[in-house]
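Accompanying notes for the structure given below.
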Amino acid sequence: VDAAITLNQTPPVLKVSTGQEVVLNCNIQRHDGYYVSWYKQVPGGVPQYVLRFLHRGSSPYFGTGFSSDRFDSKSTSDTDYQFLIKQAEAGDSAQYFCHTWDDSAA
């Protein structure tokens, strides 16, 4: 079964100043009703679920402690997704990564 999906995420490392807007990109290679989720991980910590976004959906679904006040996601094509942090704060410093799965298989 061909179940592998390769994700390309850029930039791998990004340094920003407080108050700056952050944009991270994720390419999921193919589109077939996939959700894209974004996670935040600080050194020595476990990943925190920030949000998930479906290309066809109108709004992201947020994890605990995260909201549309400062976080957002959008798609620029069927396979290209963006994660946005508005007005970056010191506490936003972390590793962020994207993840995807086919919700129809659940």
Side-chain angles (χ1 to χ4, degrees):
V1 176
D2 178 17
I5 302 173
T6 302
L7 303 182
N8 294 320
Q9 185 175 333
T10 57
V13 177
L14 179 65
K15 295 191 177 188
V16 298
S17 302
T18 301
Q20 190 174 350
E21 181 177 81
V22 178
V23 179
L24 301 176
N25 300 286
C26 182
N27 180 279
I28 64 171
Q29 298 295 305
R30 72 183 194 214
H31 174 72
D32 189 20
Y34 293 101
Y35 279 100
V36 171
S37 294
W38 291 89
Y39 293 85
K40 171 184 179 180
Q41 187 171 22
V42 297
V46 298
Q48 293 177 277
Y49 163 65
V50 180
L51 61 82
R52 83 169 188 251
F53 181 74
L54 179 64
H55 176 69
R56 294 187 302 270
S58 59
S59 300
Y61 298 89
F62 292 94
T64 304
F66 301 94
S67 72
S68 60
D69 291 344
R70 292 201 312 111
F71 299 92
D72 199 6
S73 185
K74 64 181 182 179
S75 56
T76 56
S77 74
D78 283 347
T79 57
D80 292 298
Y81 291 76
Q82 290 185 327
F83 174 68
L84 301 95
I85 304 176
K86 314 165 197 173
Q87 299 292 312
E89 300 175 357
D92 296 331
S93 294
Q95 180 178 16
Y96 292 87
F97 55 94
C98 57
H99 169 75
T100 190
W101 76 97
D102 182 357
D103 188 61
S104 67

Once rounded to the nearest 0.5 Å, what's the spacing between atom [atom1] of [X] and atom [atom2] of [Y]?
X	Y	atom1	atom2	answer
Leu84	Ser68	CG	OG	12.5 Å
Leu51	Cys98	CG	SG	11.0 Å
Asp92	Gln87	CG	CD	10.5 Å
Asn27	Asp80	CG	CG	4.5 Å

**Message:** I want to check something: taking the side chain as every heavy atom from C-beta on, are Arg70 and Ile85 in contact at a cut-off of under 4.5 Å?
**Reply:**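 Yes; the side chains approach each other to less than 4.5 Å.
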**Prompt:** Given side chains that start at C-beta, do those of Phe62 and Asp69 come closer than 4.5 Å, heavy atoms only?
**Reply:**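 Side-chain contact under 4.5 Å: no.
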**Request:** Please state whether the rings of Trp38 and Phe83 are parallel, tilted or perpendicular, taking 30° and 60° as the class boundaries.
**Result:**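 Trp38 and Phe83: parallel rings.
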**Message:** So does Tyr81 get a backbone contact from the side chain of Ser75, meaning a donor-acceptor N/O pair under 3.5 Å?
**Reply:**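 Not confirmed, Ser75 side chain does not pair with Tyr81 backbone.
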**Message:** Can a donor-acceptor pair be found, under 3.5 Å and without considering hydrogens, that links the side chain of Lys74 to the backbone of Phe53?
**Reply:**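 Judged by distance alone, no pair lies under 3.5 Å.
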**Message:** If I compare all heavy atoms of Lys40 with all of Gly91, which pair ends up nearest, and what's the gap?
**Reply:**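 Distance-wise, the nearest heavy atoms are NZ-O, 2.7 Å.
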**Request:** Please report the closest heavy-atom contact between Ser73 and Pro60, naming both atoms and the distance.
**Result:**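 Taking Ser73 first and Pro60 second, the nearest heavy atoms are N-CG, 3.9 Å.
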**Request:** Not counting sequence neighbours, which residues clear side-chain hydrogen bond (donor to acceptor under 3.5 Å, both in side chains) with Asn25? List them please.
**Result:**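 Partners of Asn25 under the side-chain hydrogen bond (donor to acceptor under 3.5 Å, both in side chains) test: Gln82.
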Without placing hydrogens or testing angles, list every side-chain donor-acceptor pair under 3.5 Å for residues 17-24, not counting sequence neighbours.
| unit_1 | atom_1 | unit_2 | atom_2 | d |
| --- | --- | --- | --- | --- |
| Gln20 | OE1 | Ser17 | N | 2.9 |

**Message:** Just to verify, which of Phe66, Phe97, Tyr96 counts as forming a ring-ring contact (aromatic ring centres under 6.0 Å, His included) with Tyr39?
**Reply:**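 Looking at Phe66, Phe97, Tyr96, the match for Tyr39 under the ring-ring contact (aromatic ring centres under 6.0 Å, His included) is Phe97.
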